[in-house]
2 protein chains.
Amino acid sequence: MKDVAARAGVSLGTVSNVLNHPELVSERTRRRVQSAIDALGFVRNESARQLRGGGSRTVAYVVFDAANPFFTDVAAGAQAATDAAGLALFLCNSGEDRERQAAYLDLLEQQRVEGVLITPVDPADPRLAALARRGTPVVLVDRGAGPEHCSVTVDDVLGGDLAATHLLDLGHRRIAFVGGPRSIGQVADRITGAERAIARGGGEPLTVLETEKLNIAEGRRAGERFLGLPAARRPTAAFCANDLLALGLLQQLVHLGLRVPQDVAIVGYDDIEFAAAAAVPLTSVAQPRQRLGRTAAELLLDEARGPAGHTHQHILFAPELVVRASTGLHRAATVA
Amino acid sequence: MKDVAARAGVSLGTVSNVLNHPELVSERTRRRVQSAIDALGFVRNESARQLRGGGSRTVAYVVFDAANPFFTDVAAGAQAATDAAGLALFLCNSGEDRERQAAYLDLLEQQRVEGVLITPVDPADPRLAALARRGTPVVLVDRGAGPEHCSVTVDDVLGGDLAATHLLDLGHRRIAFVGGPRSIGQVADRITGAERAIARGGGEPLTVLETEKLNIAEGRRAGERFLGLPAARRPTAAFCANDLLALGLLQQLVHLGLRVPQDVAIVGYDDIEFAAAAAVPLTSVAQPRQRLGRTAAELLLDEARGPAGHTHQHILFAPELVVRASTGLHRAATVA
DNA sequence: CTTCGGCGATGAAACGTTTCAAGAGGTGGC
DNA sequence: GCCACCTCTTGAAACGTTTCATCGCCGAAG
């Protein structure tokens, strides 16, 4: 910037004014400075600017699994909101890894981002509360929060209930749950919801096939374990914690010779775009993904704008069941 | 930091040493300073640190479409490399939008990231060359580059050739290409490859159904247009620029009553995980996705480490055809 | 002719670190 | 008892901006 000033024959302050308050600078000087900038290829050093007091104009979304289309849809919603506010959104993929989540949170705080959206692997990480306490707004996405954050969630207990109720209505009595680890709140809630429905509807206790992650590969593995269950105790339906698991499970079961939905009915969760395109189109519990992201980002921006006039909110959306071929009408017909 | 120093009864320099060169500080003082840090919840200001000379320890991948699993797999590969090097990776989603790409590039340069990986919407953006000229390493991913960058690509002409050759081998003579816009290099190359194969194999000229984007929704739309073609000129096979289009197309054609592969054979591109799980498992041209990302990040890190001993490289991988049901054996049998 | 106001431009302080030359204090050798 | 050396700590400079009080100048008003 010094060089620019020298070349244009003005002071540092004037160059800065051209950049930040062009209306204060005369047309003539502004042009001279601008051409010096262009000639020298000057690029403002954001660190220095930020140091002096400007904010970072940056927000981050720490995502649980970037490879899951559910989260990229949420991110798209968030980006719509940050774009409108003129902030940049960085995506950070924790990849279901606590340490990576921790590393990102530390980094983001050091970089003084304006706020953090996060779908946490580990909502108990003290970093989250600390971050908020020290003044970086944090909004939990798809996960409930304590009094120190805003949160935007979808009712996972209800979602689990919807899924299980649907299967019970179709006449299924022995239902499997595929998903895990249970330490993940969403998983635990969906199980709770399913158990609630079963208790009410009079099915047998849920057979839980716990997985280590929530991806397609784990779904396939669960398929093998499913088939390994003694035929007498084998469930006639599976409710999966997300669509990736459901797609993997579906693929593996079909591969091993079972028919869906005749032999096994499957319900997924999230209703990602691929669910409808699956080998057997997937019944799934739909969440308002974009809306989730947009709302979360709006809450974040509100808090970042005026920490004063902001009160934490916990917004809860309702999921909806989308019925497709993977649960079929077969049993229903049988029952009816 | 001043507060920390005061509370611990030491100088600023000592606090800094505790943070950056703990081996220079006596055990006693170190503990005192550390407890002051904890008590005050001090978080180092990364801007100031960077200003004084430290690098940003940060790399970004500007991705073409975060919702396409192809790119998240590439990103996972890149992250493996940056993790190993102790750098953080930020994902920036340009979402096929030139302006957003431009905004991200400006921002990243201002933030002085150590390097930029990018699958550009617009490889002609002068920002890219300028960035490199001014000293920020740039590596093009899945897109060829001039002499000013490294690049890591997969041979798209060959990929197009493989796909079309496969269809020709199955006896198809009238082939559609679904994808666009043509301004995207990958799309143009895949068309070129397909045309080369057709010229060699003696099919009719490619029917190009140009799309605006490369996603599922556009694939569905292409399905309608496909069916709108006069029956006499309607192709018997479609080669899609990526799997998202192929999945959308497949879904729509089936929905409209066509059988795949009997009425229309479909070949996709990328071989994303969902391709195998589709209604009719998709024949697709596979790319070494993770490898692509890892290699690109490694080149970037090499350049960032020593701009001196670095020479730009252009690495080209070969794609492979993965045959599944969507091209079936049907025609082959007919022909044979 | 003086004074006032307003517009543009200026220069220095401030932001929060890191680095580095130099100082303080202690230990051991001669 | 002096010097050399070592370890630990210090203080100040430097990084590249933005901001703000101030100044110079010009035209208009009195």
Side-chain angles (χ1 to χ4, degrees), chain A residues 1-37 39-58 86 106-114 134-136, chain B residues 1-37 39-58 86 106-114 134-136:
Chain A
M1 198 156 123
K2 225 169 15 184
D3 300 345
V4 173
R7 184 183 237 260
V10 297
S11 73
L12 275 183
T14 302
V15 178
S16 174
N17 280 337
V18 170
L19 259 34
N20 304 294
H21 308 282
E23 73 283 3
L24 295 181
V25 181
S26 76
E27 173 67 19
R28 227 176 83 72
T29 348
R30 198 188 321 148
R31 268 209 305 268
R32 207 143 34 87
V33 171
Q34 190 58 54
S35 68
I37 289 180
L40 292 157
F42 164 77
V43 175
R44 172 209 266 133
N45 183 322
E46 179 66 22
S47 294
R49 167 196 165 83
Q50 206 180 130
L51 180 56
R52 183 47 226 259
S56 64
R57 310 291 300 157
T58 272
D106 285 346
L107 180 64
L108 293 170
E109 184 170 20
Q110 290 174 189
Q111 308 225 121
R112 304 289 193 269
V113 293
E114 306 269 2
R134 294 189 207 109
T136 304
Chain B
M1 198 154 123
K2 224 170 13 187
D3 301 345
V4 172
R7 184 182 238 262
V10 298
S11 73
L12 275 183
T14 301
V15 177
S16 173
N17 280 336
V18 170
L19 259 36
N20 304 294
H21 308 280
E23 73 283 3
L24 295 181
V25 181
S26 75
E27 172 68 19
R28 227 175 85 71
T29 338
R30 199 189 318 150
R31 268 209 304 269
R32 208 144 34 89
V33 171
Q34 190 57 55
S35 69
I37 288 179
L40 291 160
F42 164 77
V43 175
R44 172 209 265 135
N45 183 321
E46 179 65 21
S47 294
R49 169 195 164 83
Q50 205 179 133
L51 180 56
R52 183 46 227 259
S56 64
R57 310 291 300 158
T58 271
D106 285 346
L107 180 64
L108 293 170
E109 183 170 20
Q110 289 174 189
Q111 310 227 117
R112 304 288 193 270
V113 293
E114 306 268 0
R134 293 190 208 109
T136 304

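Since this is a predicted model, take the numbers as computed values, not measurements. Worth knowing before you read on, the calculation uses all heavy atoms, side chains too, and leaves out hydrogens, waters and symmetry mates.
In this structure, the CG atom of A:Leu51 is 8 Å from the C1' atom of D:dT17, given to the nearest Å. Nucleotide C:dT17 holds its C1' atom 11 Å from the CZ atom of A:Arg112, rounded to whole Å. Protein atom CD of A:Glu46 is 16 Å distant from nucleotide atom C1' of C:dG16, rounded to whole Å. Taking atom CD on A:Gln50 and atom C1' on C:dT17, their separation rounds to 13 Å, with Å as the unit. Look at CD1 on A:Ile37: it is 10 Å from P on D:dT17, rounded to the nearest Å. One interatomic measurement links the two molecules: CG of B:Asn45 to C1' of D:dT17, which rounds to 13 Å at whole-angstrom precision. Here D:dT17 presents its P atom at 10 Å from NZ of A:Lys2, a figure rounded to the nearest Å. The separation between A:Leu24 atom CG and C:dA9 atom C1' is 10 Å, rounded to whole Å.
A distance of 12.0 Å separates CZ of B:Phe42 from NZ of B:Lys2, quoted to the nearest 0.5 Å. With rounding to the nearest 0.5 Å, the separation of CG in A:Asn17 from CD in A:Glu23 is 8.5 Å.
With C:dA9, C:dT17, D:dT17 as the candidates, the nucleotide lying closest to the side chain of A:Thr14 is C:dA9.
Checked against side chain to side chain contact (heavy atoms under 4.5 Å, CB included), B:Thr58 has the following partners two or more places apart in sequence or in another chain: A:Leu107, A:Gln111, B:Ser56, B:Ala88, B:Phe90, B:Val113. Residues satisfying the side chain to side chain contact (heavy atoms under 4.5 Å, CB included) criterion with A:Asn20, sequence neighbours excluded, are A:Ser16, A:Arg44, A:Arg49. With sequence neighbours excluded, the residues forming a side chain to side chain contact (heavy atoms under 4.5 Å, CB included) with A:Arg30 are A:Val18, A:Pro22, A:Val25, A:Glu27, listed by chain and number. Residues passing the side chain to side chain contact (heavy atoms under 4.5 Å, CB included) test with B:Arg112, sequence neighbours excluded: A:Val43, A:Asn45, B:Gln50. Evaluation of the side-chain hydrogen bond (donor to acceptor under 3.5 Å, both in side chains) rule for A:Glu114 yields no partner, not counting sequence neighbours. Applying the side-chain hydrogen bond (donor to acceptor under 3.5 Å, both in side chains) rule to A:Ser26 yields the partners A:Thr29; only residues at least two apart in sequence or on another chain are considered. Considering only residues two or more places apart in sequence or on other chains, B:Glu109 meets the salt bridge (Lys or Arg N to Asp or Glu O under 4.0 Å) condition with B:Arg134.
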Next on the checklist: Using a 4.0 Å heavy-atom cut-off to protein, can you give one letter per nucleotide of nucleotides 18-23 of chain C, 5' to 3': B if the base is in contact, S if only the sugar-phosphate is, - if neither?
Outcome noted: BB----
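Axis deviation across the helix from C:dC1-D:dG30 to C:dC30-D:dG1 amounts to 60°, comparing end segments of five pairs, rounded to 10 degrees.
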Donor-acceptor contacts, no H, no angles, side chain residues 5-15 of chain B, under 3.5 Å, sequence neighbours left out:
unit_1: B:Ser11; atom_1: OG; unit_2: B:Gly13; atom_2: N; d: 3.4
unit_1: B:Ser11; atom_1: OG; unit_2: B:Thr14; atom_2: N; d: 3.4
unit_1: B:Ser11; atom_1: OG; unit_2: B:Thr14; atom_2: OG1; d: 3.3

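The shortest distance between side-chain heavy atoms of A:Leu108 and A:Thr136 does not fall below 4.5 Å.
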Between the protein and nucleotides 25-28 of chain D, which nitrogen or oxygen pairs come in under 3.5 angstrom?
none

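Scanning residues 25-32 of chain A for heavy-atom distances under 4.0 Å to DNA chain C yields A:Val25, A:Ser26, A:Thr29.
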